[in-house]
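Chain naming here is simple, since letters A, B, ... match the order of the sequence lines and numbering starts at 1 in each.
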Amino acid sequence: MSNQELEVIIATDCGSTTTKAILIEKKGDTYRQTFRGEAPTTVEAPFEDVTKGVLNAITEVEELSGRKLLDGEKIIPNDGKNGADIYVSTSSAGGGLQMMVAGAVKAMTGESAQRCALGAGAIVMDVLATNDGRAGHEKIERIRQLRPDMMLLSGGTDGGTVTHVVELAQFLKSADPKPRLGASYKLPVIYAGNNKAQDKIKEILGESTALIITENLRPSLEKENLMPARHKIHDIFLEHVMQQAPGYPKLMKMVGAPIMPTPAAVGTMTEKFAKANNYNVLAVDIGGATTDVFSVFNGIFNRTVSANLGMSYSVSNVMAEAGLPNLLRWLTYGKIEEQDLRNRLKNKMIRPTTIPQTIQDLQIEHAAAREALRLAFDQHKALAVGLKGVQQERSISDAFDQQASGQSLIDVMKLNYIIGSGGILAHSPRRMQSMQMMIDSYQPEGVTMIAVDSIFMMPHLGVLSQLSEKAALDVFYNDCLVRLGTCIAPKGVCKKEGEKILDWTVVTPDGKEQKGELLSGDMVHIPFDVPKAKIIAKPAKGFDMGAGKGHEIEASIEGGVVGLVFDGRGRPFSMPQDKDERIAKLKKWYSALDMYPVAAMND
Amino acid sequence: MAHAYTPGLKVMPCTVITKKRLLPIPGKVLAEKGQNVDALEEVALTELPGKVYSVNVANKLGISAAEVAKYMLKKEGDKIEKGEVLAETKPIIKWKFLQDLLKSTVESSITGTVESISTVTGQVLLREPPKRLPIKAYITGKIIDVTPDFGVTVESEGTFIQGIFGIGGETNGEIAMAADKPDKELLPEEIKDEYKGKILIGGKYASLATIKKAIEKGVHALVVGGIDDRDLRLLLGYDIGVAVTGTEKIGITLIITEGFGTIPMAHGTFELLKSREGEKASVSGATQIRAGVMRPEIIIPGMPKHISEVKRDQGRGWIEPGDPIRIIREPYFGILGKVKSLPPELTVIGSESKARILEVELDNGEVIVVPRANIEVLEK
């Protein structure tokens, strides 16, 4: 079907708990999301058939829209009044795609293999490497224990040494790993390593595993070639893994385009959005159990999953990893005891569906969210790096500016856009809370636009973008993104409270101007809902807005439901150590931003 | 009449309990369909392949990887004893005593078999003998189904009680009451010698000292209303980040029925356990609060004295006005009450969120508003 013919599209995302359906219709020249429905996912017993939940969600769309879409278990072709031109779907039900990856050297091929699998939408259960510090038998035990859906084996550059990757293959053979689903079939293993070792690998793994050989994902130290292996991962996801999941063979017959793993679809949408606008983008999805981070910097896409950072099932792990003092630092309540906070978070973990009823409880959840976002971002920065092991040519002029290989690609000064999704960001009682949580966690510098995907439509749009980029982007701009506004934060250290650090002028497309200044230590909120405007910002000496210290910049900004937030706390931003001083500061900032009711911020 | 679905823990005096008892990898099923089994009886058995060890023979003998096969004294599949010579190099010298003096050998570090010999890496992999892995019936009952090569399904009639969180694996023992009331704290000095091997029931709270005393006295499992998270951390030596438990090895299975903190055990749970005092129970602390929720459990086969009817698990709980509930989140955490009404419309709550709520009437007649997500229905 050519893209021109797409008028009506039905899309679903089968999540672990909920299956969400959306209807997209072409209105004039623009595609719009018109109706949505949802139903519990039916992968687990007693139903064990994912299509039941899909049909229920689509039926809800039918009821709301008055448009008949289903004939039994089939999608009716569009006849103008009823039916749809195409049905597409993503899936993360049943635990998503779980992989184990292996590479010769952990920081080189191991890391490339990890990036490859994560980018394909997988959860990476472990990274094996010759130098990962584990003895041979420990590696074998680990492979046997984990039971992944598939394995990605890489190692060595093309034509280089074969020893390490052959050793890994031998460990793998000895472990005789079983796939997670379907005990009777062989574990799919993708080999994307040294091309000179292919025959040896076939000899070792050809019989005991379902071996697929593809191009080396690290053909040379200077080059990473992730796409061939990523495509193979998607093929196997559809051919092997999905075939074993309850009801998926039926679902695969219903769809008009291959089913994508949910995170892969979100990644695709993030990439399309970044490319269409020439932006550096950071997108995050914070769930109950995991936090997914996607970034596109200078056109390079990266994804990480922090498997145990989340707001309910994993909230206790956020406390364990961040440490209690880091959670307490966001609270305006001085009398909450450590014991009480620990018990509260554990009770949230064991009863994950409960919701905060008081502002105090809400602040605790917001504190945990900030720390989960921060930790997941740290993990992302560590993996979204340039290639390690690359030889760099240096001239004498580099003598004072030497950088090691493998520098992080993430530079918050160059970050243009942040998109947040997940319950805590999408459904905060006040939108300012969502915006401020992202500002506190990511500490963007310069000018950064911020939005939320309020009903998590990015998966649907990601899979749709494979068929029609226009349809996906139209809906993304018009219905998916809830624009919160723009954060303006000069980089520099605040030496004295109350000093002027920025002069700013906002100019709207009709020429109206609004001016102001920002003092160090202050947070300022300016309601502003003009969709597109311009800011001219002149930082004080010692402060940088992206053009160097003290240099004026001109940048595009977006207004939104929150508006503009001027952050004068400085970068890097540090919280006062003294408890009373810290609480006084928090109260001042939260009040200036109208984050919480003032009276409810006291003990 | 207004009603709403609410999750709740199962506390059933007498119900039908079925347990699938399956091996992780194929093996042999030892019981037949229709057979009665005891909780401690083995129903299936398999052998786990032994651990694999690698020996870099090429390095140890100072030869190239390609030459390894030439110097091996053992072939792939051969049995080996610990200390036995796997490979050796002998210098080409006429005199035996000099040969022995100058030769290099590689000895096996384990007893087992030679798994593989690689002429690419120079590594030899050795495998230990397989490990026996039996699976027990866990509950006393009848085999109602056999899954060939994997195991059985056991069915039993009896009392079934779920806790909210636990640590430690499956165990068995007689029920013993250490507290006389559900709102009593269990103190260390109340843990007596005679509780060895028992499933011990306390009241609202057990401190770290109490739990440690129970471990010291050989108590098999301890069931209380609540514990402090800080104590759990001290007990385990680490923070439990994600609630997937059951494999901890601390010498006791610990089950909390209500939550973290000091919370009286639900009256119904306490009284039901009391009515089964002295009877044998199967207990598991395994908890998993994600995809396929698993809660810790206490199973006591047979009927309580005052019960004659077996109730099948309905699988869903609905609440209606008049139902007894417990509030499970601040600011009313642990408070008991009765459902007064279930207004259908979304209501703005204290956190400024809009949520579906219910009105709860407390014992003193006071009526409070709580989000529906923050209550748990108690047994009627």
Side-chain angles (χ1 to χ4, degrees), chain A residues 16 44-46 94-95 135-137 140-141 144 162-164 166-167 170-171 173-176 178 183 197 200 288-289 308 312-314 316-321 338-340 342-362 427-430 596-597 600, chain B residues 7 24-26 48-49 51-55 65 115-116 118 120-123 125 127-128 150 164-165 226 228-230 232-233 238-244 256 259-261 287 289-292 295 315 328-333 348-355 369-371 373-376:
Chain A
S16 311
E44 313 252 344
H137 72 273
I140 292 165
E141 277 300 302
R144 191 182 286 159
V162 297
T163 324
H164 298 309
V166 165
E167 185 184 83
Q170 277 164 344
F171 287 149
K173 188 186 177 199
S174 295
D176 189 22
K178 297 277 179 284
K200 268 277 161 209
N308 291 325
S312 56
Y313 306 105
S314 316
S316 180
N317 194 54
V318 175
M319 173 182 77
E321 282 197 23
E338 182 195 321
Q339 173 88 288
D340 181 25
R342 291 187 77 99
N343 284 345
R344 280 194 201 202
L345 291 170
K346 273 287 189 304
N347 282 323
K348 168 82 180 177
M349 173 187 83
I350 58 176
R351 292 184 169 103
T353 53
T354 59
I355 58 174
Q357 192 179 352
T358 61
I359 294 294
Q360 189 189 62
D361 232 17
L362 184 71
H427 305 301
S428 281
R430 298 185 184 190
Y596 303 103
Chain B
I25 52 171
L48 276 183
K51 274 188 183 172
V52 176
Y53 293 84
S54 60
V55 190
E115 169 98 357
S116 67
S118 173
V120 176
T121 63
Q123 299 259 26
L125 299 183
R127 190 186 285 276
E128 281 186 341
F150 279 94
I164 189 81
F165 178 79
D228 276 322
D229 178 48
R230 192 180 50 193
L232 181 66
R233 187 185 174 191
Y238 58 90
D239 252 320
I240 286 196
V242 184
V244 179
I256 56 172
F260 285 89
T287 310
I289 312 171
R290 249 181 102 170
R295 295 286 185 186
I328 52 174
R329 184 134 185 180
E330 280 72 19
Y332 306 112
F333 188 82
V348 176
I349 55 174
S351 64
E352 299 186 329
S353 286
K354 276 187 180 169
V369 168
V370 183
N374 293 359
I375 62 127
E376 215 164 58

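- Listed options A:Val318, A:Thr358, A:Asp176, A:Asp340 were ranked by heavy-atom pairs under 4.5 angstrom with chain B; first place goes to A:Thr358.
- Using a 4.5 Å cut-off between heavy atoms, B:Ser118 touches chain A through backbone and side chain atoms alike.
- With a 4.5 angstrom heavy-atom cutoff, B:Val348 does not touch chain A via any of its atoms.
- Per-residue counts of heavy-atom pairs under 4.5 Å with chain A were compared for B:Val52, B:Ile349, B:Val370; the largest is that of B:Val52.
- Here the closest heavy-atom approach between residue A:Pro429 and residue B:Ser351 is recorded as CG-O, 3.3 Å.
- Distance check: B:Asn374 CG to A:Thr353 OG1 gives 8.0 Å after rounding to the nearest 0.5 Å.
- A heavy-atom distance below 4.5 Å is found between the side chains of B:Arg295 and A:Ile350.
- Contacts of B:Arg329 with chain A are made by side-chain atoms alone, with heavy-atom separations under 4.5 Å and no backbone atom involved.
- Of all the listed residues (A:Lys173, A:Gln360, A:Gln357), the one sharing the greatest number of non-hydrogen pairs under 4.5 Å with chain B is A:Gln357.
- Distance check: A:Gln170 CD to B:Thr121 OG1 gives 4.5 Å after rounding to the nearest 0.5 Å.
- Per-residue counts of heavy-atom pairs under 4.5 Å with chain B were compared for A:Ile140, A:Asn317, A:Val166, A:Ile355; the largest is that of A:Ile355.
- Of the two parts of B:Ile328, the backbone and the side chain both hold a non-hydrogen atom closer than 4.5 Å to a non-hydrogen atom of chain A.
- With a 4.5 angstrom heavy-atom cutoff, A:Leu362 touches chain B only via side-chain atoms.
- Comparing B:Gly241, B:Gly350, B:Ser116 by how many heavy-atom pairs each has under 4.5 Å with chain A, the most go to B:Gly241.
- The 12-atom threshold is not exceeded at CZ of B:Arg230, counting heavy atoms of other residues, nucleotides or ligands nearer than 6.0 Å.
- Smallest separation of non-hydrogen atoms from B:Val120 and A:Thr163: O-CG2, 3.9 Å.
- Residue B:Tyr238: no heavy atom, backbone or side chain, is found under 4.5 Å from chain A.
- Between A:Lys346 and the options B:Asp228, B:Ile256, B:Asp229, a side chain to side chain contact (heavy atoms under 4.5 Å, CB included) holds for only B:Asp229.
- In this view, B:Phe260 and B:Phe165 satisfy the ring pair (Phe, Tyr, Trp, His ring centres under 6.0 Å) rule, not counting sequence neighbours.
- One N or O on the side chain of B:Arg127 and one on the backbone of A:Ser174 form a donor-acceptor pair closer than 3.5 Å.
- For a residue to count as touching a neighbouring chain, one of its non-hydrogen atoms must lie under 4.5 Å from one of that chain's; by this rule B:Ala65 does not touch chain A.
- Heavy atoms of B:Gln123 lying under 4.5 Å from chain A belong exclusively to its side chain.
- Using a 4.5 Å cut-off between heavy atoms, A:Glu167 touches chain B through backbone and side chain atoms alike.
- Comparing A:Pro597, A:Ala135, A:Pro352, A:Ala600 by how many heavy-atom pairs each has under 4.5 Å with chain B, the most go to A:Pro597.
- Using a 4.5 Å cut-off between heavy atoms, B:Glu115 touches chain A through its side chain atoms alone.
- Distance check: B:Ile375 CD1 to A:Arg351 CZ gives 11.5 Å after rounding to the nearest 0.5 Å.
- The shortest non-hydrogen separation linking B:Asp239 to A:Met319 is OD1-CE, 4.3 Å.
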Is there a side-chain contact (heavy atoms from CB on, under 4.5 Å) between B:Ser353 and A:His427 once you walk through the steps? CA-CA 8 Å; B:Ser353 286; A:His427 305 301; over 6 Å; no

